[in-house]
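Below: the structure, in structure tokens.
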Amino acid sequence: MEFVILGFLMIRQLTQYEIRNALQQKVSPFFSASLGSIQAALKKLESNEHVELTEVVENGRRKKIYSLNSSGKKYYLDWMLTSIAPHRLDQEVSTKLFFLGHMSPTERITIVKAIITQLEVIVHEYESSAKEAHEKTVPEHLQQIAKYQLKTLDLGLFYYQSMLSWFISLITEMEAEC
């Protein structure tokens, strides 16, 4: 959550309400957030001195405006260049892809190549697991259960193969632009 917020703050300063709207309008297909999680992330970012808070009064109402400082910008850009933890792949890939425009062309290619490498490892693991699972003999009374467990494994393999194929097309497009 904090890196999505930082990504939006890289563009401009925002209120908590504007952050919530941006999340709902821009990234809701791959990221959902409650007001409580937004508040918690903002408090964490503020306590770690990655954002600055300014309070203003507009039309008699107090507004808190968050802006990114140099520490927050460095923290965000460093995160963009770090490898993704396998258990966070789906969410972080979408977040990094969404904000890839903040990075230089060389950094974009580096990030996408790292994602491709991780996807290749995952696809290989799924392929090995699927091969092993399909070769096992299943007792008759468990065949219907095993059938759909294998279908779940096949779906995971299809999902990551599709994602890998998509990112390979993207890197080809990006390298042609350089």
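Below, each value reflects all heavy atoms present in this structure, side chains not excepted, and no hydrogens, waters or symmetry copies.
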Is [Y] reachable from [X] through a run of I, L, V, M, F, W or Y residues, each pair having side-chain heavy atoms under 4.5 Å apart?
X	Y	answer
Leu81	Phe167	yes
Phe158	Ile122	no
Leu53	Tyr76	yes

If every non-hydrogen atom of [X] is compared with every non-hydrogen atom of [Y], which pair is closest and at what distance?
X	Y	answer
Met1	Ala41	CG-CB, 3.3 Å
Ala130	Leu153	CA-CD2, 3.3 Å
Val112	Leu100	CG2-CD2, 3.8 Å
Cys178	Ile109	SG-CD1, 3.6 Å
Asp90	Tyr159	OD1-OH, 3.3 Å
Leu6	Gly72	CD1-O, 4.2 Å

Is a donor from one side chain sitting under 3.5 angstrom from an acceptor on the other, for [X] and [Y]?
X	Y	result
Ser169	Thr172	no
Ser104	Glu107	yes
Tyr160	Glu125	no

### Query
Side-chain contact, heavy-atom cut-off 4.5 Å: Lys96 with Thr82?
yes
Can you tell me how far [atom2] of [Y] sits from [atom1] of [X], rounded to the nearest 0.5 angstrom?
X	Y	atom1	atom2	value
Glu127	Gln161	CD	CD	5.5 Å
Leu9	Ser67	CG	OG	7.5 Å
Ile84	Leu119	CD1	CG	8.0 Å
Met163	Ser94	CE	OG	6.5 Å
Met103	Met10	CE	CE	7.5 Å
Ile111	Phe99	CD1	CZ	12.5 Å

### Query
Between Arg108 and Glu177, does a salt bridge (charged side-chain N to carboxylate O under 4.0 Å, His left out) hold up when you go through it step by step?
CA-CA 12 Å; Arg108 290 178 204 149; Glu177 292 173 352; 6.0 Å; no
### Task
Quick one: name the residues clustered hydrophobically with Ile65, using the 4.5 Å side-chain heavy-atom rule over I, L, V, M, F, W, Y, and just say none if it's on its own.
Val56
### Query
Pairs in or reaching into residues 45-59: which pass side chain to side chain donor-acceptor pair (under 3.5 Å), with residues at least two apart or in two chains?
His50-Ser71, Glu55-Arg62, Glu58-Lys63
### Task
Would you mind listing every salt bridge (charged side-chain N to carboxylate O under 4.0 Å, His left out) that reaches into residues 139-166, with sequence neighbours excluded?
none
### Message
Determine whether Lys64 and Thr15 satisfy the following criterion, side chain to side chain contact (heavy atoms under 4.5 Å, CB included), listing intermediate values before the conclusion.
### Response
CA-CA 6 Å; Lys64 293 180 178 182; Thr15 65; over 6 Å; no
### Query
Gln25 side chain to Ala22 main-chain N or O, any donor-acceptor pair under 3.5 Å?
no
### Task
Start with the C-alpha distance between Ile168 and Leu164, add both sets of side-chain angles, then the distance that settles side chain to side chain contact (heavy atoms under 4.5 Å, CB included), and finish with yes or no.
CA-CA 6 Å; Ile168 289 171; Leu164 176 59; 3.9 Å; yes
### Task
For the residue pair Trp79 and Phe3, categorise the inter-ring angle as parallel (less than 30°), tilted (30 to 60°) or perpendicular (more than 60°).
parallel
